[in-house]
Q: 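The structure follows.
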Amino acid sequence: MVGPFHSLVRKWNHILIQFVSFVLGPTDRFVMRHRILNGTLFAGIIAMGVGLTSEFFREGFEIGGLISLWVAFGFACLFYYLARFKNKFQILILPTFIISSLTSFLQIKYSGGIVSANVMLLAPILVLNMLILGKKFDWMAIVFFVGALFGVNYIQTVHPEWFFDYSSEKARSEDFLITGVSILFLLGLMLRTLNRSYEDAIGEVSRLKYQQDGDYYLTSLLTRPLSGIRIRSKTVQFQTYIKQKKSFQFKNREYELGGDICVADQIVLRGRSYLVFANGDAMGKSMQGAGGVLVFGTAFRALVERTHREGILSGYYPERWLHTALNDLNDVFEGFDGSMSMSLLLGLVDEENGFLYYLNAEHPFPIRLRDGKASFLSEEATNFKLGMQKDKARIETCWIRPGDTIIIGSDGRDDLSMGNTTDTNRVINMDHTSILLHAEASLGDIETLGKILQKIGELTDDLSLLSIRFHPQTQWDSRERNANLEEPIRLHKKNQDKEALPLLIRYADLHPFDPAVWKLLHRVYRKLEKPAEAGRAAENFSNLHPSGLQMIFDGAIQYAKASLIDDAIDMAERIYSRKPEVIPVIKILSRLYRKSKRPDKAEEYQKEILRLQNHRST
């Protein structure tokens, strides 16, 4: 018995669901407001049908009331037909408002003006008209409803002859009962329609949200392998912390999606190992920002792979490699015609000596924490964002000493919501130097720093942090160095450079990573008028001690004397990329490019000289 009974119940439920869907319309065809009007009209048809039936069986039958109900019933059926099958929602608003209002007053007239019945009759009309008018003008329906009640009562007092007076109390009771039942039924159907519409809307929103979260999840899967630390270094330690503004759930697990990225990898330039890193903040949040991360991460990964495979890129100096990388990445973002951009801090760390090269494309200033005191490395953006106007980026440099912590972060570290004012406006942190105090409080641990920032205020943007520490593995024994170089130094001071040269070469073969020997060799080769060898010694010294710009300049001069023009240009460009305002270097570059038969570049640098001279004169 139980089985057939449940089967019958399921069958009736299925029939009922099909009937309601047919009556109210499929959810994928009507917007909620259209669906509510559709259901309300159907409820009005049923209520009017009840009123028509009652007219034939009760005392007080009036042909005028019957005609008014039949007219309302006919128009309601017409509107329902147009709304349900022909999708003419827009043209139904005004006639529905007029017919519902006229019908209610006709019914009031022929019901004898019973106040309680009038209230019950006008109440669903009020709800219907509020739905039709919408949120912006629904107050008009309320004013009309209140005015109508007072108007009816006033007119009843002044002109009672305008209302039909039933012949008995029984007729009045029947009218009150029938009107009440009809209106309650109509209100019930309206509420059911509202609930059904809200349920359908919530279900549709839930379905769309699940689909959206699925898209977020797939995008997060694509961005995940493009970021992160891909190095194993004994001397340089990287740490990252990312808290994206957009978090979502998918299959009962928490994920994040946004436009911030931290990535680090390892490359070899001119035989030296460098760790390349980037901290970027793409325009937009969630999907838009993630799109920028996908573009940047893919282009960055391709650039690193090209450096591994191609001899051209791996033969560049760090400064030139950074310029090339910035131009390649900028070209990719320029293809989006301004619809996508990214602020970026891109850099290289020499794995052997801890020397840092970096350029800043409108990214927040990097921080150095040394001896418990935090300060900005440089308070200057050296280039426009990726995808914006191209410019000759300036390379910044610094030494990372043992114990130092370099902290790089996106603007989420500054854009903290500090609460609301009395007028509910949100207060955003405007002090970009406050991050220095927080960095000191974190002792350089960026995970702690991230938690501190989130305790101070609410994140209004994606937050990403990247830290760099250097731990040298080799320490020079100054006593051994002094013992081995004492004799060559003595000979060099006595101008006995030919005798000092073999001693220096022997020591350089045994200790090629000691910059002191290359500095001495450079001097000896210059004295012996061997410019090619002097330039090579200066280059080796600059690789081990990159902050010595004077030695790089001397190397360019020696290469030029040896007619090694391309090598001289590379050395001079290293200085220009760091100090673009030094006119003597630009003059040398102009002459070198003219010798290399590239007059366009020579003319470009000549114009730069004139620009700097005019700027200084003003």
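One-based numbering along the sequence shown.
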Q: Would you mind listing every salt bridge (charged side-chain N to carboxylate O under 4.0 Å, His left out) that reaches into residues 497-511, with sequence neighbours excluded?
A: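 Matches after skipping sequence neighbours: D497-K527.
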
Q: Less than 6.0 angstrom from the centroid, inside 45 degrees of the normal: does K530 satisfy that with respect to the ring of Y525?
A: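 Here K530 fails the 6.0 Å and 45° test against Y525.
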
Q: Answer yes if the ring centres of Y317 and H323 are under 6.0 angstrom apart, and no otherwise.
A: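 No - the distance between ring centres of Y317 and H323 does not fall below the 6.0 Å cut-off.
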
Q: Output side-chain donor-acceptor pairs under 3.5 Å for residues 562-570, partner residues at least two apart or in another chain, one line each.
A:
from : atom 1 : to   : atom 2 : distance (Å)
D570 : OD1    : R320 : NH1    : 3.4

Q: Tell me whether H522 contacts the main-chain N or O of A534 through its side chain, where contact means a donor paired with an acceptor under 3.5 Å.
A: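 Yes: the side chain of H522 pairs with the backbone of A534.
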
Q: Considering only NZ, NE, NH1 and NH2 on the basic side and carboxylate oxygens on the acidic side, decide whether R578 and E319 come within less than 4.0 Å.
A: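 Salt bridge between R578 and E319, a charged N being under 4.0 Å from a carboxylate O: yes.
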
Q: Between Q606 and S590, is any side-chain donor less than 3.5 angstrom from a side-chain acceptor?
A: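 Yes, a side-chain donor-acceptor pair sits under 3.5 Å.
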
Q: List for me each residue that meets side-chain hydrogen bond (donor to acceptor under 3.5 Å, both in side chains) alongside T219, sequence neighbours excluded, and say none if there are none.
A: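 T219 satisfies side-chain hydrogen bond (donor to acceptor under 3.5 Å, both in side chains) with no residue once adjacent residues are dropped.
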
Q: Go through the structure and list residues passing side-chain hydrogen bond (donor to acceptor under 3.5 Å, both in side chains) with D554, not counting sequence neighbours.
A: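 With sequence neighbours excluded, D554 shows a side-chain hydrogen bond (donor to acceptor under 3.5 Å, both in side chains) to Q550, given in chain and number order.
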
Q: Do R272 and Y274 touch side chain to side chain, with heavy atoms closer than 4.5 Å?
A: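 Yes, side chains in contact.
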
Q: List the residues meeting salt bridge (charged side-chain N to carboxylate O under 4.0 Å, His left out) with E573, not counting sequence neighbours, and say none if there are none.
A: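 Salt bridge (charged side-chain N to carboxylate O under 4.0 Å, His left out) check on E573 returns nothing, list empty.
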
Q: Show the atom names and distances, to 0.1 Å, of all donor-acceptor pairs under 3.5 Å that link a side chain in residues 295-302 to residues at least two apart or in another chain.
A:
from : atom 1 : to   : atom 2 : distance (Å)
T298 : OG1    : L294 : O      : 2.7
R301 : NH1    : D265 : OD2    : 2.5

